[in-house]
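Input: a single structure, listed below in structure tokens.
None of these values were measured; they are calculated from a predicted model. By convention in this document, chain letters (A, B, ...) are assigned in the order of the sequence lines, proteins followed by strands, and residues within each chain are numbered from 1. Computed over heavy atoms, backbone and side chain alike; hydrogens, waters and symmetry mates excluded.
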There are 2 protein chains.
Amino acid sequence: MTPPDEQLSISEVAERTGLSAHTLRYYERAGLMLAPIHRAASTHRAYSARDVTWITFLTRLRSTALPIAQVKEYADLARRGEDTTPERLELLQRHRIAVVAQLAEMQASLAAIDHKISLYAERTTA
Amino acid sequence: MTPPDEQLSISEVAERTGLSAHTLRYYERAGLMLAPIHRAASTHRAYSARDVTWITFLTRLRSTALPIAQVKEYADLARRGEDTTPERLELLQRHRIAVVAQLAEMQASLAAIDHKISLYAERTTA
DNA sequence: CTAAAACCTCGAGTGCACTCTAAGTCAAGC
DNA sequence: GCTTGACTTAGAGTGCACTCGAGGTTTTAG
């Protein structure tokens, strides 16, 4: 059984997502959260599993170079509800194309680096 | 036959490399060039084919997120001559590992995005 | 010869994404 | 009950990589 509504502190979320607590607060201020982060009987943030899931996906978007402004756009759409699904789909599809292009360029660059390495390796063993 | 020593203006190099003229001057100031860029009977820069080849490789390093400071390190080594080959090889090998990791992360992120897209696509057609 | 376009240097400005600081509040262990 | 460490906010600071602007010179086309 999964714990029904486990609450996580900011440092626990930081650890799980690889982001710093500073960055988590910054993202929240920037309007990137899907829902307001719950405060646990105090002023301290208490993240839900859903929050962590979203933050994890968010970092997937960020790590593929989607600017924060566009992550916010996506979050804004998601907050507006089900009927923005087509827009979100389109945003993701556009981004997908960019990611595929990035992958191709990175692979080409890796090939160039590998080529150079092989030239150097040859020279040092010779 | 290849033209023996074609001279290119900064805007021609900009066009060929995809960098702006501003960026080319900036890179030069930052010490990233292998050799001083020749000036053609005037104050204007005249790039050689070798320069362009290096700039192209340099952009491969940059596009795989090698910081400018490390590109400079590499260029500094290259300028010091043949006997820095081992250091350059090591730098490239270290970077290669980082690039492979980036590729893996990007592929994982692409998979996550694709998964989300498939959920959305299902919902919009349903 | 002249006008427009391309180039030059130096230094300042920009945008992005954090990252940190200060001054305080809250929670957990002893 | 007190101390220690984690948390809070608001706002300032940082680092990186460009990017631009001003003011001037050089090249090129007519």
OP1 or OP2 of dC20(D) less than 4.0 angstrom from a side-chain nitrogen or oxygen of Y26(B), does that happen here? no
Ignoring backbone atoms, test whether S11(B) places a side-chain nitrogen or oxygen under 4.0 Å from the OP1 or OP2 oxygen of dC7(C). yes
Taking atom P of dC26(C) as reference, at what distance in whole Å does atom CD of Q7(A) sit? 18 Å
From the options dC18(D), dC7(D), dA17(D), select the nucleotide whose nearest atom is closest to the side chain of I10(A). dC7(D)
Aromatic ring proximity, centroids under 6.0 angstrom, W54(B) and Y47(B): no
Options dC18(D), dC8(C), dA17(C), nucleotide nearest the side-chain atoms of Y27(B): dC18(D)
Applying a strict under-4.5 Å side-chain criterion to I, L, V, M, F, W and Y, I'd like to know whether V100(A) and L61(A) cluster together. yes
Looking at dC7(D), dA17(D), dT21(C), which one has an atom nearest to any side-chain atom of H22(A)? dT21(C)
Side-chain donor or acceptor of D51(A) paired with backbone N/O of S48(A) under 3.5 Å: yes
Side chain of I68(A) only, please: which of dG21(D), dA17(C), dC18(D) is the nearest? dA17(C)
Checking S109(A) side chain against E105(A) main chain: does a donor-acceptor pair fall under 3.5 Å? yes
In whole angstrom, give the distance that lies between atom CZ of R39(A) and atom C1' of dA27(C). 16 Å
Write down the distance between CG (L58(B)) and P (dC18(D)), rounded to a whole number of angstrom. 9 Å
Just N and O in the side chain of R45(A): are any of them under 4.0 Å from OP1 or OP2 of dT9(D)? yes
Within the structure, does a side-chain N or O atom of S9(B) lie under 4.0 Å from either OP1 or OP2 of dA6(C)? no
By the 4.0 Å heavy-atom rule, please label S20(A) as base, sugar-phosphate, or nothing. nothing
May I ask you to say what R25(B) touches in the nucleic acid, namely base, sugar-phosphate or nothing, with a heavy-atom cut-off under 4.0 Å? base
Taken to the nearest whole Å, CG/L24(B) to C1'/dC7(C) is 13 Å
Salt-bridge contact R80(B)-D76(B) (side-chain N to carboxylate O under 4.0 Å): no
Kindly check if the number of other-residue, nucleotide or ligand heavy atoms within 6.0 Å of CD (Q93(B)) is above 12? yes
Using a strict 4.0 Å threshold on nitrogen-to-oxygen distance, state whether R39(B) and E28(B) make a salt bridge. yes
May I have the distance from E28(A) (atom CD) to dA17(C) (atom P), rounded to whole angstrom? 18 Å
Using a cut-off of less than 4.0 Å, is there contact between a side-chain N or O of R29(A) and OP1 or OP2 of dC18(C)? no
To the nearest angstrom, the CG-C1' distance between L19(A) and dA17(C) comes to 12 Å
Nucleotide dC16(D), atom P - distance to CG of L61(B) in whole Å: 18 Å
Closer than 4.0 angstrom, basic N to acidic O: yes or no for R94(B) and E73(B)? no
Report the nucleotide, chosen from dT8(D), dC8(C), dC20(C), that has the shortest atom-to-atom distance to any side-chain atom of T43(B). dC8(C)
So if I take residues 99-110 of chain A and measure heavy-atom distances to DNA chain C, which residues fall below 4.0 Å? none
NE2 of H44(B) versus P of dA6(C): gap in Å, rounded? 12 Å
